[in-house]
Amino acid sequence: MYVSWVAAVFTLATLACSEELRPSSNYDFKETTEASKTTTQVSDNADKYGTGVKKALAWLITQRGDDWGWRNDTPKVLTALQLAAEEEAVGLSPARHEIELSSKQMEIEIVILLWRHHDVPITPPQLAKYCLALSSLCHDPRQFHGHDLIGTLQHHEATHDLEFAYATLAACTARAHVRKKQIRRLLDIANTAKDHNIDTVAMTILALRCIVKDHRHRNLQHSLRRPSISLARQQQPDGGFGNVFNTALVLQALQDLHELNSHWNKTAARAYLESRQDPDGAFTDPGLTSDVILALSERSLGVIRNMDCGRHDSDYENNVEIDGLTKSLSSHGNDSEIRNVTVTYTLWVGSNVTENCTTTITAPRNTSFYTIMQMAMDMDPHFAFEASEWPNGHYVHTLAGYKEEPMGYHYWLLYRLPELPDPSAPPANQLVAPVGVDDLLIEEGDHYLFWYKKL
Ligand SMILES: *[C@@H]1O[C@H](CO)[C@@H](O)[C@H](O)[C@H]1NC(C)=O
Ligand SMILES: *[C@@H]1O[C@H](CO)[C@@H](O)[C@H](O)[C@H]1NC(C)=O
Ligand SMILES: *[C@@H]1O[C@H](CO)[C@@H](O)[C@H](O)[C@H]1NC(C)=O
Ligand SMILES: *[C@@H]1O[C@H](CO)[C@@H](O)[C@H](O)[C@H]1NC(C)=O
Ligand SMILES: *[C@@H]1O[C@H](CO)[C@@H](O)[C@H](O)[C@H]1NC(C)=O
Ligand SMILES: *[C@@H]1O[C@H](CO)[C@@H](O)[C@H](O)[C@H]1NC(C)=O
């Protein structure tokens with residue numbers, strides 16, 4: 001089993017579009033970048049995050065294993081860390097390269113899960129957790145190294161209502177098509193909320209709130225009101241909803257529904273959770289701690305769908321979605337028309353971008369980025385590359401003379417960006433391309449960056 005991550009490193013060379021390629025040893029590879037530190041500070045400049053959340057985040061980091069994962073809870077923890085990082089709670093979450101390492105560990109876990117699925121069947125909640133985590137990392141779970149995890153998830157409809165709602169939330173979050181039959185089942189659960197467990201109703205509301213973000217289902221908005229009120233009214237005198245897990249889920253489900261304030265006491269629910277925190281910052285285990293972090297920081301699972309993953313269409317939700325494959329009809333009009341698109345392709349070398357090179361290429365829409373790389377190489381020798389071929393695609397190991405050097409942790413990372421990369425504002429790791437060079441199809445206005453840096 002081989003997984004092709006686009007990553008590679010180098011031999012000595014320099015890169016500058018206007019000059020000839022020359023062998024060089026003037027690049028100091030021993031640079032100490034932030035990447036070589038593994039510290040995580042807890043800063044107090046993020047007011048939205050109370051002490052409880054900060055302590056919980058810090059505790060999660062202490063629980064990280066040597067393999068950068070959290071045993072069974074890697075996806076839940078990564079989701080929580082990623083949502084905290086997105087909130088610009090600088091200093092609260094691990095450095096980007098640390099997230100990257102944990103994310104790679106999670107990918108390994110997923111591959112093992114898929115690999116062994118004949119012996120150990122994959123359960124819907126397991127897969128839903130991974131899909132949500134991938135989405136929070138801006139990786140498309142429908143294109144996990146050529147495997148459609150959402151397809152797998154939707155293939156066997158869960159019998160258990162809670163699991164079903166969780167799986168549907170994961171699919172909706174990945175902007176996949178949610179079938180009418182599935183929506184009807186969610187509405188049935190919502191409409192008979194009193195007959196269901198609190199966690200099931202809360203998860204159903206989360207799933208439905210995701211679905212109504214799709215303009216085609218906006219009319220379902222009104223059907224959320226009654227079940228939401230019914231859920232809010234199940235608050236107990238202690239402020240909670242039976243236990244920590246339920247309370248965390250309800251806080252997420254009812255997040256931002258201010259019109260419900262007269263039906264429950266949110267402050268009391270938060271206080272209930274805060275009073276359950278262990279002195280070391282934990283809420284029992286990493287999984288539950290992650291759930292509580294989402295609840296208390298008001299970054300529910302419901303926000304993942306709207307995360308800014310560098311998509312071109314910031315007004316995404318108003319655009320047309322076709323068969324769950326969300327495609328925005330571009331301003332150029334006719335989508336089915338064959339036309340050329342123009343993209344830029346940039347190479348950066350070094351964490352401080354000591355060398356750079358950019359070219360502009362026009363090619364038919366739907367061309368793979370691998371083909372763009374070949375075109376660039378034909379036009380300009382600075383873009384020369386070598387790749388090995390694997391069953392699931394090309395693995396680029398050398399670019400512009402810089403060859404993979406795993407021992408030194410020097411990697412080429414491929415980014416797909418909405419604008420030309422600027423060394424003074426380098427792209428976030430969320431913008432690393434979610435798929436390999438063969439599966440990445442160019443669109444008008446794309447800017448690609450291969451950045452060599454030390455992780
Ligand atoms: C990269 O930039 C940082 C901060 O500006 C500096 O401390 C470091 O020495 C630089 N590294 C190299 C290799 O130039
Ligand atoms: C809500 O709960 C908090 C904390 O338990 C309490 O101080 C507050 O008075 C309650 N608010 C209402 C409107 O009951
Ligand atoms: C788009 O272009 C195709 C082929 O050029 C044409 O058949 C189709 O009618 C066009 N659709 C629209 C909406 O213009
Ligand atoms: C697309 O670009 C190619 C090569 O630059 C050119 O030959 C072709 O005519 C272009 N096609 C369209 C529809 O502009
Ligand atoms: C690329 O490098 C050249 C110097 O080699 C510098 O003048 C230019 O500003 C750099 N451009 C970018 C986008 O980094
Ligand atoms: C892209 O190309 C593939 C095969 O070449 C085709 O099946 C697919 O419909 C194309 N997609 C678009 C958006 O043009």
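Each ligand, and each atom within it, is numbered from 1 in the order the structure gives.
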(request) Taking only Lys NZ, Arg NE, NH1 and NH2, and the carboxylate oxygens of Asp or Glu, determine whether D446 and R416 approach each other closer than 4.0 Å. (result) yes
(request) May I ask you to establish whether R276 and Y272 are in a cation-pi arrangement, using a distance under 6.0 Å from NZ or CZ to the six-membered ring centre and at most 45° from the ring axis? (result) yes
(message) My understanding is that only residues two or more places apart in sequence, or in another chain, count here; which of them pass salt bridge (Lys or Arg N to Asp or Glu O under 4.0 Å) with E157?
(response) K181, R185
(message) When you measure from the side chain of Q255 to the backbone of E298, do you find a donor-acceptor pair of N or O atoms at a distance under 3.5 Å?
(response) yes
(message) Assess whether a salt bridge exists between R64 and E98, defined as any Lys/Arg side-chain N lying under 4.0 Å from an Asp/Glu carboxylate O.
(response) yes
(message) Residue by residue, ordered by chain and number, which ones reach under 4.0 Å of ligand 2 with a heavy atom?
(response) N265, A268
(request) Considering only NZ, NE, NH1 and NH2 on the basic side and carboxylate oxygens on the acidic side, decide whether R365 and E444 come within less than 4.0 Å. (result) no
